[in-house]
Amino acid sequence: MAIRMTYITYTPEAHRAIIEGKQNREPVMRALIEDAGGKFIGFYGLIGRPEGDGVVISDFADLSDYMSVVAKTMLSGAISDITTAHCYTGEDVVAASTKAAGMTYQPPTP
């Protein structure tokens, strides 16, 4: 499981198409994510946020499947920027901390 929040910024042309055409982009994103093997969790618009115009929340087991969705949306010309936040749970923190406790590391000396 790898949940990601993908912040998207639309191009001015995409904004125009969405507003003038009264388009709901959620069904298209849901279909694309599911077609790539992911699980669609949510799609939300953002108002007044520097992160972008919207956020898509998805779950992908394979990073390359997620990357295929990013590539496809960027190639469409409707998105001008994508930023990804990789999410983790408390259980993920415990697993990482447990693994880190068993590792050795010697930082380089200046």
Side-chain angles (χ1 to χ4, degrees):
M1 174 174 88
I3 295 178
R4 294 177 178 89
M5 292 180 18
T6 307
Y7 296 94
I8 59 172
T9 302
Y10 290 118
T11 62
E13 297 80 15
H15 275 290
R16 183 178 315 284
I18 291 167
I19 294 167
E20 291 178 355
K22 301 173 182 68
Q23 295 178 354
N24 177 359
R25 298 280 173 111
E26 182 177 318
V28 174
M29 288 306 301
R30 176 186 298 273
L32 180 62
I33 288 167
E34 291 174 353
D35 188 43
K39 178 182 176 187
F40 177 87
I41 297 173
F43 180 93
Y44 301 94
L46 302 173
I47 296 175
R49 299 295 308 158
E51 294 88 354
D53 299 314
V55 61
V56 180
I57 305 169
S58 60
D59 184 357
F60 282 89
D62 187 359
L63 178 60
S64 65
D65 291 341
Y66 172 76
M67 290 171 59
S68 71
V69 170
V70 170
K72 191 66 168 181
T73 55
M74 288 299 290
L75 288 172
S76 75
I79 307 291
S80 65
D81 187 53
I82 292 178
T83 304
T84 303
H86 301 271
C87 304
Y88 56 87
T89 65
E91 291 175 355
D92 294 330
V93 172
V94 171
S97 300
T98 301
K99 187 172 185 175
M103 299 168 70
T104 59
Y105 172 71
Q106 180 64 42
T109 55

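The shortest distance between side-chain heavy atoms of I8 and F43 falls below 4.5 Å. At least one side-chain heavy atom of R25 sits less than 4.5 Å from a side-chain heavy atom of I18.
Listed for the D35 side chain is no donor-acceptor partner under 3.5 Å among the backbone atoms of L32.
Between the side chains of D65 and S68, no donor-acceptor pair of N or O atoms lies under 3.5 Å.
Nearest heavy atom pair, residue C87 against residue M5, reads SG-CG, 3.7 Å.
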Show me the donor-acceptor pairs, under 3.5 Å and distance only, between side chains in residues 57-64 and residues at least two apart or in other chains.
unit_1: D59; atom_1: OD1; unit_2: A2; atom_2: N; d: 3.0
unit_1: D62; atom_1: OD1; unit_2: S64; atom_2: N; d: 3.2
unit_1: D62; atom_1: OD1; unit_2: S64; atom_2: OG; d: 3.2
unit_1: D62; atom_1: OD2; unit_2: S64; atom_2: OG; d: 3.0

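Residues passing the side-chain contact (heavy atoms from CB on, under 4.5 Å) test with V70 are Y66, M74, I82, sequence neighbours excluded. Looking at residues two or more places apart in sequence or on another chain, you find a ring pair (Phe, Tyr, Trp, His ring centres under 6.0 Å) between H15 and Y10. Judged as a ring pair (Phe, Tyr, Trp, His ring centres under 6.0 Å), and not counting sequence neighbours, Y7 has no contacts. In this structure E13 satisfies the side-chain contact (heavy atoms from CB on, under 4.5 Å) test together with T11, sequence neighbours excluded.
S80 OG to D53 CG: the interatomic distance, rounded to the nearest 0.5 Å, is 7.5 Å. We find the OG1-CD1 distance between T6 and I33 to be 7.0 Å, quoted to the nearest 0.5 Å.
Counting only residues at least two apart or in different chains, side chain to side chain donor-acceptor pair (under 3.5 Å) contacts with residues 96-110 are absent.
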